[in-house]
Amino acid sequence: LFKMAKILKCVAFPLYGAVNVIGNLLKLIKEPYDLQSKIRWMQVTIVNETELRLVFDDTTYEFHGGRFWTSPKNVPANSESAFSVCNKKMGVGVDGRVVYRLVGAEQSVNIIVSYVNKFFGNIELTARFEGEVEGHDATLKINGKETKVAISCAPGCEGKITIFYETEESPKEANSHL
């Protein structure tokens, strides 16, 4: 019995040491602390060139893959804000949508922002109006006056969406504003 205890002691202590070493190594291997170190990621900048406010609706966002790295925020008039998403697990990309409520127009209007950076495939970024008006441009009533507002998108890992006034004198193509 004494010899068996001695043998167990010789085997158990090195195993215990190896387990401690592995545990300490795993503590050192942490999640990357910058967005670009993730396998799949996107940063979306929302540029608001209007007098309207964009209010993030935190009850209607959807994830089909990934998670927020930095959460969307409200976008005040004539300013910009960014949010970012990244993969949650290895081998999975990001895919989802967020909704902003447009505040300041007489109509009830949302802006739907959809993003995709799947593990295989193209990077996509789209934005459109939804509600009492639909599409990439809309005529909204602001302070009793009809005003044309449009959205342009520039997809990419560092994508950009711009909301701007479109005038009759100088109409702009959906993506020429960037």
Side-chain angles (χ1 to χ4, degrees), residues 34-36 38-88 92-143 145-178:
D34 66 331
L35 178 64
Q36 289 81 7
K38 300 296 282 180
I39 302 295
R40 288 286 178 259
W41 61 275
M42 287 182 78
Q43 179 172 320
V44 179
T45 301
I46 311 285
V47 179
N48 181 6
E49 296 180 351
T50 71
E51 298 297 322
L52 306 169
R53 292 182 303 123
L54 281 71
V55 177
F56 170 60
D57 185 349
D58 63 357
T59 63
T60 59
Y61 63 86
E62 296 176 11
F63 282 116
H64 305 287
R67 65 181 178 88
F68 287 127
W69 182 264
T70 55
S71 296
K73 307 253 184 295
N74 296 342
V75 186
N78 295 305
S79 66
E80 64 182 57
S81 181
F83 69 91
S84 53
V85 291
C86 61
N87 61 301
K88 194 188 287 189
V92 178
V94 296
D95 181 5
R97 76 179 207 150
V98 297
V99 177
Y100 288 91
R101 224 172 355 99
L102 203 58
V103 177
E106 293 177 25
Q107 298 97 322
S108 175
V109 180
N110 291 329
I111 295 178
I112 310 299
V113 176
S114 301
Y115 54 86
V116 176
N117 186 357
K118 293 187 177 180
F119 201 70
F120 295 103
N122 295 331
I123 296 171
E124 299 173 26
L125 178 64
T126 61
R128 62 182 169 79
F129 292 109
E130 181 183 85
E132 292 182 35
V133 294
E134 302 278 332
H136 298 284
D137 59 1
T139 301
L140 302 176
K141 239 183 185 172
I142 303 169
N143 297 325
K145 181 181 170 191
E146 288 192 353
T147 307
K148 192 146 183 148
V149 179
I151 301 173
S152 64
C153 296
C157 282
E158 294 180 357
K160 181 177 173 182
I161 294 172
T162 305
I163 297 96
F164 59 97
Y165 293 123
E166 187 173 54
T167 61
E168 293 298 324
E169 295 83 40
S170 59
K172 298 176 181 179
E173 293 296 319
N175 289 320
S176 68
H177 188 67
L178 301 172

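Computed over heavy atoms, backbone and side chain alike; hydrogens, waters and symmetry mates excluded.
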- Starting from the C-alpha separation in whole Å, work towards a yes-or-no answer on side chain to side chain contact (heavy atoms under 4.5 Å, CB included) for Ile142 and Glu51. CA-CA 9 Å; Ile142 303 169; Glu51 298 297 322; 5.9 Å; no
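- Here the closest non-hydrogen pair linking Phe83 and Ile46 is CE2-CD1, 4.4 Å.
- Of the inter-residue distances, the one linking Asp137 atom CG with Ser152 atom OG reads 11.5 Å to the nearest 0.5 angstrom.
- When all heavy atoms of Glu62 and His64 are compared, the closest pair comes out as OE1-NE2, 3.3 Å.
- Here the side chain of Thr45 pairs no donor or acceptor atom with the backbone of Lys160 at under 3.5 angstrom.
- Distance check: Arg128 CZ to Cys153 SG gives 11.0 Å after rounding to the nearest 0.5 Å.
- Between atom CG of residue Leu54 and atom CD of residue Glu80 there is a gap of 12.5 Å, rounded to the nearest 0.5 Å.
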- Task: Verify side chain to side chain contact (heavy atoms under 4.5 Å, CB included) between Thr147 and Thr50, making sure each step is shown before the conclusion.
- Result: CA-CA 11 Å; Thr147 307; Thr50 71; over 6 Å; no
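- For His136 (side chain) and Ala150 (main-chain N/O), no donor-acceptor pair under 3.5 Å exists by modelled atom type.
- With values rounded to the nearest 0.5 angstrom, Asn143 atom CG is found 9.5 Å from Lys145 atom NZ.
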Side chains of residues 100-118: which donor-acceptor partners sit under 3.5 Å, not counting sequence neighbours?
unit_1: Glu106; atom_1: OE2; unit_2: Gly144; atom_2: N; d: 2.9
unit_1: Gln107; atom_1: OE1; unit_2: Lys141; atom_2: N; d: 2.9
unit_1: Gln107; atom_1: NE2; unit_2: Thr139; atom_2: O; d: 3.4
unit_1: Asn117; atom_1: ND2; unit_2: Trp41; atom_2: O; d: 2.9

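- Within the 4.5 Å cutoff, the side chain of Val55 has no heavy atoms near those of the Asp57 side chain.
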- Task: Using the side chain to side chain contact (heavy atoms under 4.5 Å, CB included) rule, take Thr162 and Glu49 through it: C-alpha gap first, then chi angles, then the decisive distance, then the call.
- Result: CA-CA 7 Å; Thr162 305; Glu49 296 180 351; 3.8 Å; yes
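- Residues satisfying the salt bridge (charged side-chain N to carboxylate O under 4.0 Å, His left out) criterion with Glu158, sequence neighbours excluded, are absent altogether.
- With Phe63 as the partner, the side chain to side chain contact (heavy atoms under 4.5 Å, CB included) test is satisfied by one option alone out of Val85, Val94, Asp95: Val85.
- Heavy-atom minimum distance, Val92 versus Gly65: CG1-CA, 4.4 Å.
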- Item | Stepwise side chain to side chain contact (heavy atoms under 4.5 Å, CB included) test for Phe119 and Asn87 | CA-CA 9 Å; Phe119 201 70; Asn87 61 301; over 6 Å; no
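- Of all non-hydrogen atoms in Pro76 and Asn48, the two that sit nearest each other are O-ND2, 3.2 Å.
- Of the possible donor and acceptor atoms, none in the side chain of Ser81 sits under 3.5 Å from a partner among the backbone N and O of Val75.
- Around atom CZ of Phe68, more than 12 heavy atoms belonging to other residues, nucleotides or ligands sit under 6.0 Å away.
- Residues Ala82 and Thr70 approach most closely at O-OG1, 4.4 Å, considering heavy atoms.
- From Gln43, atom CD reaches atom SG of Cys157 across 10.5 Å, with rounding to the nearest 0.5 Å.
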